[in-house]
Amino acid sequence: MLELADVSVDLEGERIVSDATLAVPDGSVTAVLGPSGCGKSTLLRAVAGIEPLAAGALRWDGADLAGVPTHKRGFALVFQDGQLFDHLTVGRNVGYALRLRRAPGTDRRVAELLDLVGLPDHADRMPATLSGGERQRVALARSLAVEPRLLLLDEPLSALDAGLRERLAGDLQRILREAGTTALLVTHDHEEAFAVADRIAVMRRGRIVQDGDLGEVWRAPADAQTALFLGYATVLDGARAVRLLAEAGLPAADVVALRRSALTLDPDGPLRARVREARATPDQVRLRVHVDGVGDLDAVASLDAHAGAGDEVGLHVDHTRLAVVGRP
Amino acid sequence: MLELADVSVDLEGERIVSDATLAVPDGSVTAVLGPSGCGKSTLLRAVAGIEPLAAGALRWDGADLAGVPTHKRGFALVFQDGQLFDHLTVGRNVGYALRLRRAPGTDRRVAELLDLVGLPDHADRMPATLSGGERQRVALARSLAVEPRLLLLDEPLSALDAGLRERLAGDLQRILREAGTTALLVTHDHEEAFAVADRIAVMRRGRIVQDGDLGEVWRAPADAQTALFLGYATVLDGARAVRLLAEAGLPAADVVALRRSALTLDPDGPLRARVREARATPDQVRLRVHVDGVGDLDAVASLDAHAGAGDEVGLHVDHTRLAVVGRP
Amino acid sequence: TEEEPSAATGGDAGGRVVLVTHESFSLPKKLVKEFEAESGIDLEVRAAGDAGTLTTKLAVTADNPTGDVAFGVDNTFASRALDEGVFATTDLEVPAGAGDYTVPGDDGARMVPVDTGNVCVNVDTTWFEERDLDPPATLEDLADPAYRDLFVTPSALSSSPGLAFLLATVAEYGDDWPSYWDRLLGNGTRVVDGWSDAYFTDFTGGGGDGDRPVVLSYDSSPAFTVPKGGGASTTAALLDTCFRQVEYAGVLEGADNPEGGAAVVEWLLSEDVQAALPDSMYVFPVREGVALPPDWEKYAEQPDDPFTLDPADIAAHRDDWLEQWRDLTTR
Amino acid sequence: MRRLLALAALAAVPVAVLGLFFVVPVSGMVARGFWPDGEFAPDQVWEVLTRDRTLRVLAFTLWSAAAGTVGSVGLGLPAAYVLHRTALPLRRGVRSALLVPFVLPTVVVGVAFRQLLGAGGPLGFLGLDGSATAIVLGLVFFNVAVVIRVVGGAWEQLDDRPGHAAATLGASPVQVFRTVTWPQLRPAVVSAATVVFLFCATAFGIVLTLGGSRYATVETEIYLLTVQVFDLPGAAALSVLQLVVVLALLLVAGRTRSTPVVRRPATPHRLRRSDVVPVAVTLLLLAAIAAPVLALLVGSLRVDGAWGLENYTALSTTGQRDALQVSVTAALLNSLRTAVDATWMALLTGLLVAVVVTRRSRSRAERRTRRLLDGLFMLPLGVSAVTLGFGFLITLDRPPFDLRDSPLLVPIAQALVALPLVVRTLVPVLAGIDDRQRQAAASLGAGALRTLATVDLPVLWRPVLAASGFAFAVSLGEFGATSFLAREDFPTMPLVIFRLLGHPGELNYGMALAASVVLAATTAVVVLAVERLRVTSVGAF
Ligand SMILES: Nc1ncnc2c1ncn2[C@@H]1O[C@H](COP(=O)(O)OP(=O)(O)OP(=O)(O)O)[C@@H](O)[C@H]1O
Ligand SMILES: Nc1ncnc2c1ncn2[C@@H]1O[C@H](COP(=O)(O)OP(=O)(O)OP(=O)(O)O)[C@@H](O)[C@H]1O
Ligand SMILES: Cc1ncc(C[n+]2csc(CCO)c2C)c(N)n1
Ligand SMILES: [Mg+2]
Ligand SMILES: [Mg+2]
C-alpha cells in the first residue's frame, strides 16, 4: 500500500503540491482527478522519486521511501507525453525493462504487450514514425512489461479515441487486477477516471480536496467546485436548493449539484420553467431554462421534442442525477 | 475556401494519406475525425505545406498551393504536442508572429490572448515549467495571434479538462466566427469535434470515408465502422435490423446503428429482452440485454431502476438515438 | 629508481647517466654503444627544445636537475647558465685548440666547449652567375642598393641564427648597429620567422620557389647544395659576415652521478666523437687535428676571424638589443 | 546528499588530473615569477604590465583572435549546415578532410601558405605575405574545422518541428533561422567560438610564420620573455594576464551558453534551391583549405625540378645526412601510438566532465559548481605551452610525482590539450537530452549507470566518435608541449617534420613535405574510419 502523508513538493521555490494525504490500497486503481495545471503530474513525479519532497513522507507498506532512488522503487511511470526512447525500435522500447533484468522470453512477451495495446505489427517501427496515440500506447506497454508493484499513469488514455480507450481501459483493469498491481492514475478527464479507476481523489491547486470510492465521491462531492469538476452542470445553494429539492419531492439540503440530464423535458413534470435557449446536438436538445425562485438551469430534451425559446414547459427531476454537496 | 483534391501523402515510402478529397468552406469549422494513427496529423501537415504531396492537389480559393512555401500560405498550425519555442517565455511565444510582422500593440494583444486561454499570469513563465494542458493552451493562443486565413488544429483541446474544454471550444467558435477564420481541426474525440466543428469528415486508414454537416453525418453514418467510431454502440444489419426497427415502429432499413441510450428500460416498452449484465456507473446503470432474434444489445436504465441479470424487462426505443446506416 | 651499475669494464664511473640536451643533438649509434660498453655507463639522452629552451630548462631546475650532464648551451646563453649556477666545477682538461672557445671568466672550469659553427650569409652562386653579377661579400654590401631586395633573414626574436646575425652586426658596428639595420631594411631586406622559412621558402638556392638569392644560414650549408652528379656547390658562405657559435657541455650541479657526467663530457671531447660532429650535427669540432669529412674539406669553409661577443655582454644587453631591433623591424 | 557525493566522486578523477597536470605546474611557474629569488616581488611583475608594448601585444592578440573567430564562425556555420543537414554527396569524406589542417604542423602550413601568398606564389599579387590579414587567414584555415564539427554535431541533432511551427506562424526561412534555429544552436556556436578564440589567441607558430615576426601575441611574448630574455617575472605577468582574459571570456561565454534544447535528430534533406548560398560558401571554403594542402602535395612530388616519388620512398630512411634519429615511418608509428593513448585519456576524462557538468542541478549552488567545473576544463587552452612545459619541470620533480621522465607525460599533455575540445563537443549534446528520458529509464528500473548506457550513450556515441576524431587529430598534430616533453628516441611526426625542416638539404625539405602529406592523409583516413564505426551494441540496447 502506498501512503502519502502531508506530501508537499516545490518547483523552483514555488509550492506546487501542498500537504497531499492519500492512501492507495493494494490492488486498487486510484485516480487523481484535477484541472489542468493543478499539480497532478508533479505529484506523480514525486511518488516516482523524481522530484524531492519539500515536506511530508511517502511510505510503501509502511516503509519510508525517502532515500530510495527511483529505479529501486519498483514504480513504473507512464509519462504524459510517452518519453519513448527515440533510438530504439518500438519492440525494444517495450522490452527495455525485460532486457535490463535479462528476463527470458522477452520477444514473446513484447509481442503480447504490443498486441494488447493494439499495435501488433509495430515492433520494428521507430518511435519518431508513430502517431501521438500510438506513442502513448507503446509507453503504456513498456511500463506494463515491468510488472511494477505500483504503476503510475499520467493521462495514459487521453490521446486515444473513445473506442480504443474503452477497450484499453478494460484491458488495463483486467491486467492490473490479475497481476495484483496497484495503480495511481492522474487525469483531467473524469471519463478516463471512471473508465479505469475504482477510487478517486480530487485535486485542486496542489491540494487533495476529497478522496474515496468512485461512487462515494460522485454521489457526495465535497464542495461546489468539486461537483462542477466532476461534471455536474449546476450547483445551487440556500433557498434555491431548497426550492428545487422541494419541487422534486426530495429532502432539503444546503447545497445541491445537478447534472445537465437531471432535468428532462416532461409536460407532466413537477417543475415549471420557461425555455431561454435550445440547441440541438446530435444526441439530444440542450436547453437553458429559467425556473422562478431558482434561476437559470441546464436541462435536456429528446431530439423529437419541440421546445423553442420562450415556451413554458414542465421538467422532470431525476433524483439519481443530482447530488447533495458537502455531506460527509 | 480550401480544397483537397485526391490528396495523397507518403512518409518513408509508405502511403499514409490516400486520395483525400475534402472542401473546407470559408468561415466553417471542419473537423476530421478518425482513430489514432489513421493519418490525421499527416493530413494537416500536408495542408500546412510541411509534408509534400505524393499526388493530388491543394487549392485555396481555386489557386493551387503547390510551390507555395509554408510561411506564405497564411495557415497557422497548432501542433498536437504544442511545439512551443522552449527558449522564449510564454508571452514571447504568443507574441511571436506579431513581432515577426512588427505589429504594434503586441503586449496588449498577448495579454488578451493569454486571458482568453485562461493563463493570465503566465506571460513570464518558461514553457518547460508548464503543465501539459497549459502548454497546449499557449500553443493555441500563439496561433490565434496570427489571425490566419486558415487555422489548422491538431487535437487542440484533448489535453484540457472538460470545463476548460467547453469554455475554450465556445471561445474558439466565437473567435473564428468573428474573424471569419476558416478552421480545419483533427481529432480522435467526437466530443471535441462536436464542441467546435460545424462540419465533419471521417477518416479511416488514410482515407476520408464520409463528410458533411455535423448532424448529417451523425444521423446517417456511411458505414458500420463509421457509426461505431461516431459513438454508436451497436450496428445491426439484415434481419436483426428489420426486426428491431419493426418493434420500434420505424420504417425498415438494411443497417441500423444504435447509441447505448437508444434503448432504455421501460416496463411498458415494446421490446422484450432479458438482462444479461448490469453495471452501475455514477450516471446510470449500463445494461447488456438479449433480444430474441436480434441478439445482445446495450441499454441503459436510471440509477433507481432495479434490474438484475436474468430479469425479463421491457425496453423503450428512442428513435432519435438510432441511425440508419449507409443511406445517402 | 636507481639502477645497479652494470659490470664496469674500465674507469671509475659506471651507472646511469642522464644527458640533457637540445633536439639537434645526434651522434652515430655505434659510437654511443661503444662508449657504453667501455665505460659501463648506461647513457640516457633527454633531448627537447632548442638551445634557449635547454638553457631555460637547466636554469629553472638548477636546484633539482633533470640529469647529470648537459650539452648544447651555446655562447649566446652561456652567461645565463653560469649565473644561475647550473654547472658544477670540474677539473676536466680542455682539449688542444679549444682554449679560444671557452667562456671568458670561466675558462673551461664549468663549461667545456665541444663544437663550434658559424652563422654566415649564404649566396646562390648560380643565380649570380646567370646574371653576370658579383655576389656581395660583406655586411656593408648587403645595404648596397646594387643588392636591393635580394636578402632574406630569419627573425632575431624567434630564431637563433637570426639572433646570431643581429649579434654579428652589433659586433661589427657597435652602438651604431641600429642605423645599419635601418639601411638594411631600407634596402628591401625581408625578415621572416625561422631559418627554414628563409632557406626553403624565400631563398632561390634552397629547393623551394624562392626569389631571394642571399640568405642567412650556416658556414656548413654549401656542403648540402652539391648537385647529385657532383661538381661544385651551387651556394657559398660569405666568410666576412659570420658570427661564431660555440656549444658547451658540463656536469650539472647537484647531479646524482657527477663522475658519470664527467665521463660523458670527456667522451664528447674524444677524437671519435669530435670527428663525427660535422656529419651528425653540422658543426665543426673544437679539437685540433681532427679530420673533416671530404665534402666539408671542399665546400664548408670556416671563417678565419668570425665576429664574436663576450657572453656576459650578450647576457647584459640581449633584452635591449632585441627590443630595439623589434622596434626597427616592426615599424 | 548522496547525489552530491556521487557527483563529487565522478568529478574527482578529472579534477585530480587537471590539478596535477595543469594547476600545479602553471602556478609553480607563475610563482617563480612572483618570487624571483625566493622573495615576493610583485613590483617586477607589475612593471611588465604597465609597458606600452604589453598593451600593444595584448591588443593585437585580442584583435587577431577576434578576427580569426569571426572568420571561422562566419565560414563554418554555412559549411556545418551543408555538411550535417543536407544530403550533399561525399559529405562524410569532406567532413574528415576538413580536419586535415588541424594536424598539419604550423611550420608546414606556414611554408605552404607562404608558397601561395609569397611574392612568387600564385596568389602573390594579393600582396598578403607577412600581413595581418595573412595571419587571420591562417587562423581561419586552422580553426574552421572546429566550428564545423562542434556546431554541425549539434545541428544534426536539432528537432526541426519548432522550425515548422515557426513557418506556419509566417516565418520565412531566414526568420526561422534567426528566431528558432539560432537560439537552439547558440550554445554550440558559443562553445565552438570560445574554443576557436582560445586557439587563435594562443596561436604561436602561425603568427610567427605568417606574420614574418612583425606581429607579437601574448603567447609569442611569453616564449620570448621566458626563453630568450629569461625574464620570469615578465612571463608570469603575461601568464596571469592571459589567464584573466581567458577567465573573463569563459565567464561571458558561460552566460550565453546555457539554453537547454531538446534534441530529436532529423534526417538530412535533399539539396534545395535555397541552399545555394551555403553550398557555395562550403565549396569556396573547401577550395581555400585545399589550396595550401595541394601546394604541399605538389611540392612533395617535385624532385630536382621533375616529378617523382623519391621524397616518399625516402620516408623509410633517416633523411639526407641522417638528419633524423629514427625514420619517418617509425615516427608515424610513434605518433599513432601516442595519439591512441592521448585519445582514450581525453575521451574518458572528457566524458566524465561532460556528464558531471550536464546532470540536472537541484539547487543554485549546485548549478554554479557545475558551471565552474565546465569552465575550469577550458583553461588548458588559455595557457602557453611554454609556461606549462617549464611548470612540469619545476613542480612534478619530487616523489611521488616525479613524472619528468615518464613516457606517459606526452600523451597526458596532449590529452590535456584535447580535453577542452572533447568537453565542448559533448556538453551541448548531453545538455540537450531531455532529463525526462533518464527519469523514464529510472522508473523502468535502470540505475544510474544503466541510464547512462541506455539513454545518454546512444545519443552520445556519434559526438563521442567526432570528439575522438578531434582528440586524435590534436594529438597527432600537437607540437608545443610535445617538443618539450618527447623523448629523443620516440619522436612524433610533427617533431620529425620540424627537424627535417631544420636541416639544409633538398631531400630533407622534400621529405618534410612528403611527411606532412602522409600525416594529413593518415589523419583523414583514421578520422573517417572512426566516424564510420557503427557502435550497434550501444545504439541498440
Ligand atoms: N519547473 C517548474 N517550475 C515552476 N512551476 C512549474 C514547473 N513545472 C510545473 N510547474 C507548474 O506547476 C503546476 C503543476 O504542474 P503539473 O505539470 O503538475 O500540472 P498537471 O496537473 O499535470 O496539469 P496538466 O493536466 O495540464 O498536465 C503548473 O501550474 C505548472 O505551471
Ligand atoms: N515518418 C513516418 N514514417 C512512417 N510512418 C509514419 C511516419 N510518421 C507517421 N507514420 C505513420 O502514419 C500513420 C499516421 O500518423 P499520424 O500522426 O498522421 O496519425 P494521427 O491520425 O494523427 O494519429 P493520433 O490521433 O494518434 O495522433 C501512423 O500509423 C504512423 O505510424
Ligand atoms: C591558430 C592555430 N594554430 C594551430 C592550430 C592547431 N592546433 C591543433 S591542436 C591545437 C591545440 C594546441 O596544440 C592547436 C593549436 C590551431 N587550431 N589554430
Ligand atoms: Mg500533467
Ligand atoms: Mg496525430
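Quick note on labels: first sequence line is chain A, next is B, and so on, each numbered from 1.
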**Message:** Assess whether a salt bridge exists between D:E221 and D:R53, defined as any Lys/Arg side-chain N lying under 4.0 Å from an Asp/Glu carboxylate O.
**Reply:** yes
**Item:** Engaged part of C:Y199 at the chain D interface, taking heavy atoms whose separation is under 4.5 Å
**Value:** side chain
**Item:** Polar contact flag, side-chain donor to acceptor under 3.5 angstrom, C:S233-C:T225
**Value:** yes
**Fill in**
If one checks every heavy atom of C:P65 against chain D at 4.5 Å, the contacting part turns out to be backbone
**Message:** Please identify, among C:T55, C:L322, C:D202, the residue contributing the most non-hydrogen atom pairs under 4.5 Å to chain D.
**Reply:** C:D202
**Request:** Select one option (side chain, backbone, both, neither) describing which atoms of C:T201 are under 4.5 Å from chain D's heavy atoms.
**Result:** side chain
**Message:** Less than 4.5 Å to any heavy atom of chain C: does that hold for the side chain of D:L513, its backbone, both, or neither?
**Reply:** neither
**Request:** Before giving the answer on ring pair (Phe, Tyr, Trp, His ring centres under 6.0 Å), spell out for C:F203 and C:W195 the whole-Å C-alpha distance, their side-chain angles and the decisive distance to 0.1 Å.
**Result:** CA-CA 10 Å; C:F203 184 41; C:W195 172 84; 9.7 Å; no
**Message:** Among C:T61, C:D50, C:T53, C:L27, which residue has the highest count of heavy-atom pairs closer than 4.5 Å to chain D?
**Reply:** C:T53
**Prompt:** Less than 4.5 Å apart, any side-chain heavy atom of C:P222 and any of C:N122?
**Reply:** yes
**Fill in**
Turns out that what part of C:L54 lies under 4.5 Å from chain D's heavy atoms comes down to neither
**Asked** Which one of C:E84, C:R80, C:R318 has the most heavy-atom pairs closer than 4.5 Å to chain D?
**Response** C:R80
**Complete:** The single option from C:W321, C:W181, C:W325 that satisfies ring-ring contact (aromatic ring centres under 6.0 Å, His included) with C:F165 is C:W181
**Prompt:** Do D:L224 and C:R326 have side-chain heavy atoms sitting under 4.5 Å apart?
**Reply:** yes
**Request:** Please name the pair of heavy atoms, one in C:G188 and one in C:D149, separated by the smallest distance, quoted to 0.1 Å.
**Result:** CA-OD1, 3.2 Å
**Asked** For C:Y218, is it the side chain, the backbone, both or neither that has a heavy atom under 4.5 Å from a heavy atom of chain D?
**Response** neither
